Amino acid sequence: MRTAICPGSFDPVTFGHLDIISRASLLFDRVIAAVSRNPCKNPMFSVEERMEMLKSVLSPYPNVEVDSYEGLTVNYALQQKARTIVRGLRVISDFENEFKMALVNKKLSCHVETIFLMTKAEYSFISSTVVKEVAFFGGSLASLVPPLVEKKVREKLKSLERVSEGG
């Protein structure tokens with residue numbers, strides 16, 4: 001069985017993420033959308049919330065699973081018996097960082113390959129950071145994330161407002 005890992009923070013999951021994961025699901029028997037637990041980042045959503053959103057929006061893909069991991073992606077891939085890490089590229093500037101990570105992963109394990117998928121042009125400007133910023137300033141998220149994710153982002157922003165107001 002050909003297994004691939006699609007790692008990311010998914011904070012929140014965007015149409016760009018879904019584009020890459022859905023296309024990977026056509027190439028591999030089993031795809032794991034793997035939410036990274038990165039203590040260096042300050043995410044809007046907990047790992048559990050991100051996994052819940054991913055499971056909901058990826059439910060149409062029977063060969064896609066959602067999981068989380070801590071540590072090196074290449075080690076997680078080996079634990080899952082995955083021979084491939086799938087990374088999405090939006091713009092040329094993504095390539096340099098992704099290329100470096102792929103080389104490090106190859107150095108750490110010669111048994112895991114990294115493949116890059118270019119996102120569709122209409123998603124090339126979308127990032128989780130852009131989604132959060134647009135939401136914070138009241139813009140429409142309809143073309144950036146699925147409706148469920150937009151609802152969760154709006155709810156999270158309201159709850160954060162209440163906390164900052166002392167309520």
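Keep in mind that what you see is a predicted model, and the values were worked out from it rather than measured.
Put simply, the side chain of Thr84 reaches to within 4.5 Å of the side chain of Phe28, judged on heavy atoms. A 4.5 Å side-chain heavy-atom check between Leu58 and Leu18 finds at least one atom pair inside the cut-off. No side-chain heavy atom of Arg154 sits less than 4.5 Å from a side-chain heavy atom of Lys151.
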Arg87 vs Glu113, test: salt bridge (charged side-chain N to carboxylate O under 4.0 Å, His left out). Steps then yes/no.
CA-CA 11 Å; Arg87 297 296 296 176; Glu113 294 291 339; over 6 Å; no
Dump the intermediate steps for side chain to side chain contact (heavy atoms under 4.5 Å, CB included) on Arg37 and Val47, then the final yes or no.
CA-CA 7 Å; Arg37 295 177 181 268; Val47 169; 3.6 Å; yes
Audit row: Leu108, Lys106, side chain to side chain contact (heavy atoms under 4.5 Å, CB included) steps and yes/no:
CA-CA 5 Å; Leu108 294 172; Lys106 194 62 166 168; over 6 Å; no
Show your reasoning for whether side chain to side chain contact (heavy atoms under 4.5 Å, CB included) applies to Val130 and Glu133.
CA-CA 5 Å; Val130 165; Glu133 191 168 323; 5.7 Å; no
Assess whether side chain to side chain contact (heavy atoms under 4.5 Å, CB included) is satisfied between Val145 and Val13, documenting all intermediate values.
CA-CA 7 Å; Val145 298; Val13 60; over 6 Å; no
Go through Arg90 and Thr119 one step at a time and tell me if the side-chain hydrogen bond (donor to acceptor under 3.5 Å, both in side chains) criterion holds.
CA-CA 6 Å; Arg90 294 170 296 175; Thr119 192; over 6 Å; no
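Ser68 and Met51 get closest at one heavy-atom pair: CB-SD, 3.6 Å. Nearest approach of Val91 to Ser124, heavy atoms of both residues: CG1-O, 3.9 Å. The nearest pair of heavy atoms linking Ser128 to Phe10 is OG-C, 4.4 Å. Among all heavy-atom pairs drawn from Pro12 and Val131, the shortest one is CG-CG1, 3.8 Å. Between Ala4 and Val86, the closest heavy-atom pair is CB-CG2, 3.9 Å. Here the closest non-hydrogen pair linking Val112 and Ala82 is CG2-O, 3.9 Å.
Contact check on Lys132 versus Asp11 returns a salt bridge, with a Lys/Arg side-chain nitrogen under 4.0 Å from an Asp/Glu carboxylate oxygen. One finds a salt bridge joining Glu65 and Arg30 here, because a Lys/Arg side-chain nitrogen approaches an Asp/Glu carboxylate oxygen to under 4.0 Å. By the 4.0 Å N-to-carboxylate-O rule, Glu49 lies too far from Lys55 to be salt-bridged with it.
Within a 6.0 Å sphere centred on CZ of Arg23, other residues, nucleotides and ligands contribute more than 12 heavy atoms. Counting heavy-atom neighbours within 6.0 Å of Asn42 CG, excluding the residue itself, gives a total of 12 or less.
From Leu141, atom CG reaches atom NZ of Lys152 across 15.0 Å, with rounding to the nearest 0.5 Å. Rounding to the nearest 0.5 angstrom, the gap separating the CD1 atom in Ile85 from the CZ atom in Phe116 is 9.5 Å. Distance check: Phe15 CZ to Leu144 CG gives 8.0 Å after rounding to the nearest 0.5 Å. Between the CE atom of Met53 and the CD atom of Glu48 there is a distance of 11.5 Å, given to the nearest 0.5 Å. Taking CG of Asn105 as the reference point, atom NZ of Lys100 lies at 14.0 Å (rounded to 0.5 Å). A distance of 10.0 Å separates NE2 of His17 from SG of Cys6, quoted to the nearest 0.5 Å.
In the hydrophobic clustering of ILVMFWY residues, with side-chain heavy atoms under 4.5 Å counting as a link, Met118 and Ile20 come out apart. Residues Phe99 and Val104 do not share a hydrophobic cluster, clusters being chains of Ile/Leu/Val/Met/Phe/Trp/Tyr side chains in contact below 4.5 Å. By the criterion of side-chain heavy atoms lying less than 4.5 angstrom apart, applied directly or through intervening Ile, Leu, Val, Met, Phe, Trp or Tyr residues, Phe136 is grouped together with Phe125 in one hydrophobic cluster. Ile115 is not connected to Leu26 by any chain of hydrophobic side-chain contacts under 4.5 Å among Ile, Leu, Val, Met, Phe, Trp and Tyr, and they are in different clusters. Both Leu117 and Tyr123 sit in one connected hydrophobic cluster of ILVMFWY residues. Membership requires side-chain heavy atoms under 4.5 Å apart, directly or through other members.
A side-chain donor-acceptor contact under 3.5 Å links Ser22 to the backbone of Asp19. Under a 3.5 Å cut-off, the side chain of Arg50 and the backbone N or O of Ser9 do form a donor-acceptor pair. Here the side chain of Arg2 pairs a donor or acceptor atom with the backbone of Leu27 at under 3.5 angstrom. Of the possible polar contacts, none joining the Asp67 side chain to the Val35 backbone as a donor-acceptor pair under 3.5 Å is found. Under a 3.5 Å cut-off, the side chain of Thr14 and the backbone N or O of Gly16 do form a donor-acceptor pair.
Residues Ile5, Ile32, Tyr76 make up the rest of the hydrophobic cluster containing Tyr69, defined by ILVMFWY side-chain heavy atoms closer than 4.5 Å, directly or through other members.
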